[in-house]
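Reading through the structure tokens given below for one structure.
Because only heavy atoms are used, hydrogens play no part in the values below, and waters and symmetry mates are left out as well, while side chains stay in. Remember, it's a predicted structure, so these values are computed and weren't measured experimentally.
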Amino acid sequence: MMRLFSFLNFIFLFTVSICAADPSKVWIADLGNGNYKNPIIYADYSDPDICRADKDYYMTASSFNCIPGLPILHSKDLVNWTIIGHALESITMPPNHYDIPRHGRGVFAPSIRYHNNYFYIYWGDPDLGIFMVRTQNPKGKWEAPVMVKEGRGFIDPCPLWDDDGNVYLIHALAGSRVRQSSLLIVNRLSSDGDKVIDGQGHVVYSGHGENPTIEGPKFYKHNGYYWIFAPAGGVKNGWQLAMRSRNIYGPYESRTVMARGTTDINGPHQGGWVTTPDGKEDWFIHFQDKDAYGRIIHLQPMSWRKDGWPIIGIDKAGKGTGEPVTTFRKPNVGKKYPVMTPQESDEFNERTLSLQWQWHANPYIYWYYPAGEKGHLKLFSVVQNNDEYNNMMDCPNLLLQKFPAEEFSITSKMTFNPSNRAIGERGGLIVMGYDYAILAFENTSSGIILSMSECLEAEKKNPEKLIASQKLDSANLTVWLRIDVHSEGVCTFFYSLNGKHFQPIGGKFTARKGGWIGAKVGLFCNRPKISGAGGWLEVDYFRIQKSEK
């Protein structure tokens, strides 16, 4: 079976090497001299976890209400990553519930493990319970999700297959759902890992007082100890703990093994531990909260003290607690691999959407047509669901991707094909979060305009505000739109009628994060309610490059 997996993996890697997009033009972690810089991914892969299968590394992350969910990223050296797929095509429980955006809900902090030729992902939906999906091919289709533990408030699960054949699951609690947090709970699972078999389980650790808001636990066994790696202290300013016990149910002794220290890397915590294929090096992946940019991904060296406790990062003070590194030598995986980064730009030359794109809710097939044979994407205008429509907060058909760096520029060539019957129909670029801004074509009673609008505190149902507009020639509705994103998420907007000379439009807009996710950028096409079909937006390309200074 292992030979079959190795063969399939070779075919997969060969395919990836042919089909992978060009490396990012705005952020590359591989310095090309045997070293790397953090973050290794300057994008919002919140609550990451990682596993190794032979010589390959696989990572997943929280996806909340964004679809497809549970992104699967692949690397050979822990520095160069690309997206290879998703484990969730949609969120189906409860039925139709995620057909509109459910901000800050859905798929919370997953764990990924490789066991007996299967890849497993466990995650918690704080309103429903703990789920699991599995596959033998992480690039292919995953099995349907199964409910492992039903109940409100269960989050951040991680399994452990013990040496004696028993299977366990550790998880945390969402205080927003059960009015209690800072507890870690262990359950026994069935032998196939798909069902809790011991009721409510056992509380194995309380972080109240010394380590508040402990959550995101990852379960391991090493040198005869059960190990729990978990963050505490909160998302923005917390620290990373390691805990160990000879008994799986505790008691666990704990130590802080990584903290911010003298660095400007806040957090830093919540991630996963892996080794190199030869077992000689230990590494830890974690996130750093960067507000509008989301939770970006760092890689830290990990070592073991003589007393058996780990250190993550570099222990400058010699007290057993590491600080995160900004640059370091790359992991020694026995070979040098080419530079790769998660996909960003899209020429729309394929018959499927590129893997960086996610919808803001479960999509319908009639929202779009990837006309790869013609080199463009068609977005058909979708009727707004909300009769009391004030803003785009509840629009499900937003096609978005993550911010890829602190500073970058998006240029998109597009053609608007409005319906004569749909006054108010519009489409274009959007920077989306709890505050959002759009640069879009709009069909008005006096003709087609290009408008820049913004909405502040959209989650409070505030209306949009028109900042600037420019009348367009209805005989030529092909326009190049550009958004420059600068430090701190400050955005400026431009348009061009020939693709060469760009004119500014509107004012500055500062991006803001959304519900547990960073700000995103992408495309939309909407209309008010009319009978029959509406128009569409034809997108020729979506290119991310360095921003203008």
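- Between the side chain of N117 and the main chain of Q136, no donor-acceptor pair closer than 3.5 Å is present.
- Atom CG of residue D291 and atom OG1 of residue T510 lie 12.0 Å apart, to the nearest 0.5 angstrom.
- Atom CD in Q343 sits 10.0 Å away from atom CD1 in I84 (nearest 0.5 Å).
- Counting heavy atoms from C-beta outward, V26 and E406 have side chains that stay 4.5 Å or more apart.
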Under 3.5 Å, which donor-acceptor pairs link side chains of residues 242-250 to any protein atom two or more places apart or in another chain?
residue : atom : partner : partner atom : Å
R244    : NE   : E253    : OE2          : 3.0
R244    : NH1  : D307    : O            : 3.4
S245    : OG   : N247    : N            : 3.1
S245    : OG   : N247    : O            : 2.8
S245    : OG   : P251    : O            : 3.0
R246    : NH1  : G224    : O            : 3.3
R246    : NH2  : Y225    : OH           : 3.3
N247    : OD1  : Y249    : N            : 2.8

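- With a 4.5 Å cut-off on side-chain heavy atoms, H86 and L70 do not count as touching.
- For F284 and W273, the ring centers sit 6.0 Å or farther from each other.
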Dump the intermediate steps for side-chain contact (heavy atoms from CB on, under 4.5 Å) on R152 and D127, then the final yes or no. CA-CA 5 Å; R152 258 176 90 77; D127 298 306; 3.1 Å; yes
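- Q356 places a side-chain N or O within donor-acceptor distance of the main-chain N or O of E344, the cut-off being under 3.5 Å.
- A donor and an acceptor atom, one from each side chain of N266 and N237, are nowhere located under 3.5 Å apart.
- Ring geometry, W516 versus F108: the interplanar angle exceeds 60°, so the pair is classed perpendicular (tilted spans 30 to 60°).
- A donor-acceptor pair is defined here as one N or O able to donate and one able to accept, closer than 3.5 Å; no such pair exists between the side chain of R260 and the backbone of T262.
- Side-chain atoms of Y205 never come within 3.5 Å of backbone atoms of S254 as a donor-acceptor pair (strictly under, hydrogens ignored).
- Salt bridge status for R113 with D49: present, with a side-chain N to carboxylate O gap under 4.0 Å.
- Pairs of residues two or more places apart, or lying in two chains, that qualify as ring pair (Phe, Tyr, Trp, His ring centres under 6.0 Å) and include a residue from residues 154-195 are H115-W161, Y120-W161, F154-H171.
- Remark: the backbone N or O of P157 is paired with a side-chain donor or acceptor of S111 at under 3.5 angstrom.
- Between H269 and H286, a ring centre-to-centre spacing not shorter than 6.0 Å is recorded.
- For the pair Q300 and M258, the minimum side-chain heavy-atom distance is below 4.5 Å.
- Using the six-membered ring where Trp is involved, H103 and H360 have ring planes that are perpendicular, over 60° apart on the 30 and 60° scheme.
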Run the salt bridge (Lys or Arg N to Asp or Glu O under 4.0 Å) check on D198 and R188 step by step: do they pass? CA-CA 6 Å; D198 65 345; R188 279 276 309 279; over 6 Å; no
